[in-house]
Amino acid sequence: MGKPAIGLSSHIWNNNARCILLLALYPVLVAVIFWVIAFLLGLGSTKGMLPGAEVDTLGVAQGALNLTLEFLPLILTVVAIWFIIAWFSHSLMIRKLSHSHPVARSEEPELYNLLENLCISRGIKIPHLEIIETHARNAFASGIDEKSYSITVTRGLMNSLAKDELEGVLAHELTHILNRDVRLLIVCVIFTGMFGFLAQLAWSNIRYSLFYSRQRRDNSMATVFAMLIIAVVLWLGYMATLLMRFALSRHREYMADAGAVEMTKNPDGMMRALMRISGRDRIPETTDDIAMMCIENHVPFLGVFATHPPIEQRIIALSEVTNTPIPDSLSLPPVAKEERISRNKNHDRERVNPWLTRGRRP
Amino acid sequence: MSIWVVLGIVAAIIGLLVILYNRLVALRQTRNNAFSDIDVQLKQRYNLVPQLVETVKGYAAHEKQVYENVTKARAQVGAAKGATGERVAAENVLGGALMGLLAVAENYPDLKADQNFQKLMNELSDIENKIAAARRFFNNATAEYNTATEQFPSVLIAGMFGFAKEEFFELDEAEAALVQKAPEVKF
């Protein structure tokens, strides 16, 4: 279990290399998907024109390849435009996906203070802070450069963790930023997220044409069929980008935990924080993309598709690395009001969205 | 042919020297930046002292010795700008004097209940926490720089260009007690 703290700079190097690799592979993937669509459409139309005739699969494949090469400049331009959009508005997209809002220092002075002290001890610029108004307990970091790095915490986390536990969570997220894990995540989620976006667009179009345009059904059947193929292929493309996410190292959580303890010098607080988060991490209304970025993402299903190691293992690892006994999870008392961070009362209620705060899972 | 080999080796050595030299410069610069981080916080503490003294004086006017200590220590800090060693020593004396001031404040319940005093104490505890954090970064940066000046290939460069080992920002006991003490005085 001695893995976490060592080899940090090689981890950063790996992350940077993976970022570049993902960005470079992405246009290739888009081109391949374009070819598959062209091939399937070509196959479909030949069959439609000459029913019963022998289909020249190789010829269709060749035609699709030519078409792809012809459209290659267009594909590259589209990808480039998407990258530019992603570069300038990834923060906004993340904010919209997670339903968070930025907070000013005057609104949450103590939260800012905790984070600022951690940043001072590492000699880095303080990231932006954002809050999600929900009962769930979770946190994530995002951003690709010093100007856009931000840390998002949920209201539930702030209301249920003691100060030293919250400091551990913030230090964990700060370590993700220092390790460049967040940059890789943003590249995975936003930059290579175009397929998910298009797939959802295609699906909604199909649903629309199936349910709302019944009068022109006869001649639109072929279009619907074509759309269906496109949608399926886009979903496959989306799955391919999901596979790309295996580029993410699952050790990164262990490393961030270890880095957090190195910063706060308080392994007990970090372990207690993980225990309090455990089982209450699911934020309703956010997508899997965000869940993947969080400090804990509990996935049932034997952890095959897990983006995070089980929280028990993280606690055990922390306890072994730091030689600290594991706090008793059963006798963990609720945190008293004095031990939590106090906040500015003026900004308390106005922003709470009742629909987001209702979903409370055991 | 062999001339090119020799030239290549010489170029490689020069390149290596340049890299080592630049690394030392960068590390020294990081350390200097780290000190300016501490400096910001120390200056805030320096500016906070007169207010704190005035507030305590309002309740405990006759504790002259304590005020004198604090004022003298503060003047020393003001005079000691520049050289790190001297400055650190002066800051430590000021920390000790502040500790004495707080010890006096303990004896006056009315003072402890004073709103303004509480606000100042919160500020002081915040500043002390930040000084502690900044000092950690400074000491890490110093350790890294010192290691670089002692390691084998770079020790040659360090010797040639006068990269000397630098001091850490150490706390003396009184200052350490102040860091321990300050957060506790919150009400």
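The structure displayed is predicted, hence computed values, not measured ones. To find a chain, count down the sequence lines: A is the first, B the second, and so on, and within it residues start at 1.
Other residues, nucleotides and ligands contribute more than 12 heavy atoms inside 6.0 Å of the NZ atom of A:K265. Within a 6.0 Å radius of NZ in A:K125, other residues, nucleotides and ligands contribute more than 12 heavy atoms. Within 6.0 Å of CD1 on B:I3 lie no more than 12 heavy atoms contributed by other residues, nucleotides or ligands. Around CZ of B:R23, the count of heavy atoms belonging to other residues, nucleotides or ligands within 6.0 Å does not exceed 12. Surrounding CD of B:E167 are at most 12 heavy atoms belonging to other residues, nucleotides or ligands under 6.0 Å away.
The structure places CZ of B:F137 at 9.0 Å from CD1 of A:I124, a figure rounded to the nearest 0.5 Å. In this structure, A:C119 SG and B:D37 CG are separated by 11.0 Å, a value rounded to the nearest 0.5 Å. Within the model, atoms CD of A:E116 and CG of B:D126 stand 7.5 Å from one another, a figure rounded to the nearest 0.5 Å.
Neither the backbone nor the side chain of B:A34 has a heavy atom closer than 4.5 Å to any heavy atom of chain A. Heavy-atom distances place no part of B:N33 under 4.5 Å from chain A, backbone and side chain included.
Residues B:R136 and A:I120 have side chains not in contact (no heavy-atom distance under 4.5 Å, counting atoms from C-beta outward).
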